[in-house]
2 protein chains.
Amino acid sequence: MAETVDDRPEPPDSPCDIDCYCRLDGLMELLSRRYAMQLICVVGAIGPARYGEIEDAFDDVSSSTLSSRLDELVDADYLDREQYAEIPPRVEYDLTDDGDELCRRLQPLLEWAADRER
Amino acid sequence: MAETVDDRPEPPDSPCDIDCYCRLDGLMELLSRRYAMQLICVVGAIGPARYGEIEDAFDDVSSSTLSSRLDELVDADYLDREQYAEIPPRVEYDLTDDGDELCRRLQPLLEWAADRER
DNA sequence: CAGAATCCATTCGGATACTG
DNA sequence: CAGTATCCGAATGGATTCTG
């Protein structure tokens, strides 16, 4: 890698000085995956949510896809995964603090998107 | 241990009765493509924006990708494309009313995303 | 129940070259 | 300047099968 600038006081070569929304990679890339944004908001809405509940909410998502999305969001610390040693096994997902903040910021968007689809 | 009281009506056709953010396809699918959300906000920020300005703002987007994204957003009526019969040719993109509303609803998200990347 | 693993079709997006 | 066209590798997500 040629140039990795660790401290970015003011990128001199950035033509987009507004608020530089153009270079966003981490979170935006995560949110650009299928169901990611909806997933955050669904978990936010139905509180601690079990895997099955989430799966049902989407109704047409494959388990592999949902698993991936959950993993990614857990890894990125937007979701918290609590596993209980019970039979049958129970797992609950909930928003972390960051996830909660994210959810709040997604709300206006999804709300609007939902409105215009009906 | 009592279950959380659930007195929701339970619509028969929708397993996700909160606000049904799970079935969103149209807009969310559009926004899930690379640069789409940033693109809306950038155009919102630099007003009527020329193709070159937008391209420069992103600095690492390929012209084919940017073109696709622009086309999609124009087709979906979030962006307006104005072409002037000049030499050299000039094209300006601007937000439509829907695009403007979308931009406002994306703002909190991107703002936050930008903050946590620095 | 809550996934993990594997395989695979499709899609997406970048590079490159070319144009009105 | 503002794209379009083409090719192609990479990534994505679904189906299916299997498991603690």
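In what follows, chains are A, B, ... by sequence order, proteins preceding strands, each numbered from 1. Computed from a predicted model, the values in this text were never measured in an experiment.
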Validation row: [X], [Y] side chains within 4.5 angstrom (heavy atoms):
X: B/R116; Y: A/D98; value: yes
X: B/L109; Y: A/L31; value: yes
X: B/E111; Y: A/Y21; value: yes
X: B/V42; Y: B/F58; value: yes

Let's see if you can work this out: which of [options] has an atom nearest to the side-chain heavy atoms of [X]?
X: B/V61; options: C/dG14, D/dC1, C/dA17; result: C/dG14
X: B/S67; options: D/dT4, C/dC12, C/dA15; result: D/dT4
X: A/Y51; options: C/dA2, D/dA2, C/dA4; result: C/dA2

Rounded to whole Å, how long is the line connecting atom [atom1] of [X] with atom [atom2] of [N]?
X: A/F58; N: C/dG3; atom1: CZ; atom2: P; value: 14 Å
X: A/E29; N: D/dA11; atom1: CD; atom2: C1'; value: 10 Å
X: B/L39; N: C/dG13; atom1: CG; atom2: P; value: 12 Å
X: A/R33; N: C/dG13; atom1: CZ; atom2: P; value: 12 Å
X: B/L30; N: C/dG13; atom1: CG; atom2: P; value: 11 Å
X: A/L70; N: D/dG13; atom1: CG; atom2: P; value: 13 Å
X: A/E55; N: C/dA2; atom1: CD; atom2: C1'; value: 9 Å
X: B/L66; N: C/dT16; atom1: CG; atom2: C1'; value: 16 Å

N or O in side chain of [X] less than 4.0 angstrom from [N] OP1/OP2:
X: A/T65; N: D/dG13; result: no
X: B/R81; N: D/dG3; result: yes
X: B/R69; N: C/dC12; result: no
X: B/R90; N: D/dA2; result: no
X: B/R34; N: C/dC12; result: no
X: B/Y35; N: C/dC12; result: no
X: B/R50; N: D/dA2; result: yes

Hey, is CG on A/D97 packed in by over 12 heavy atoms from elsewhere, all under 6.0 Å?
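No, CG of A/D97 has 12 or fewer neighbouring heavy atoms, counting only those of other groups under 6.0 Å.
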Euclidean distance, A/R69 CZ relative to A/R34 CZ, rounded to 0.5 Å
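It comes to 10.0 Å.
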Under 4.0 Å between any heavy atoms, over every strand shown, what does A/S63 touch: base, sugar-phosphate, or nothing? Just pick one.
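Base, at least one base heavy atom under 4.0 Å.
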With heavy atoms under 4.0 Å as the rule, sort A/D71 into base, sugar-phosphate or nothing.
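Contact class for A/D71: sugar-phosphate only.
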Given the structure, check if the side chain of A/S64 and the base of C/dA4 hold any donor-acceptor pair shorter than 3.5 Å.
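It does not, because no donor-acceptor pair links the side chain of A/S64 to the base of C/dA4 below 3.5 Å.
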Taking for each residue the nucleotide of DNA chain C bearing the nearest heavy atom, is the 5' side occupied by B/D60 or by A/Y93?
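Nearest-nucleotide comparison on DNA chain C picks A/Y93.
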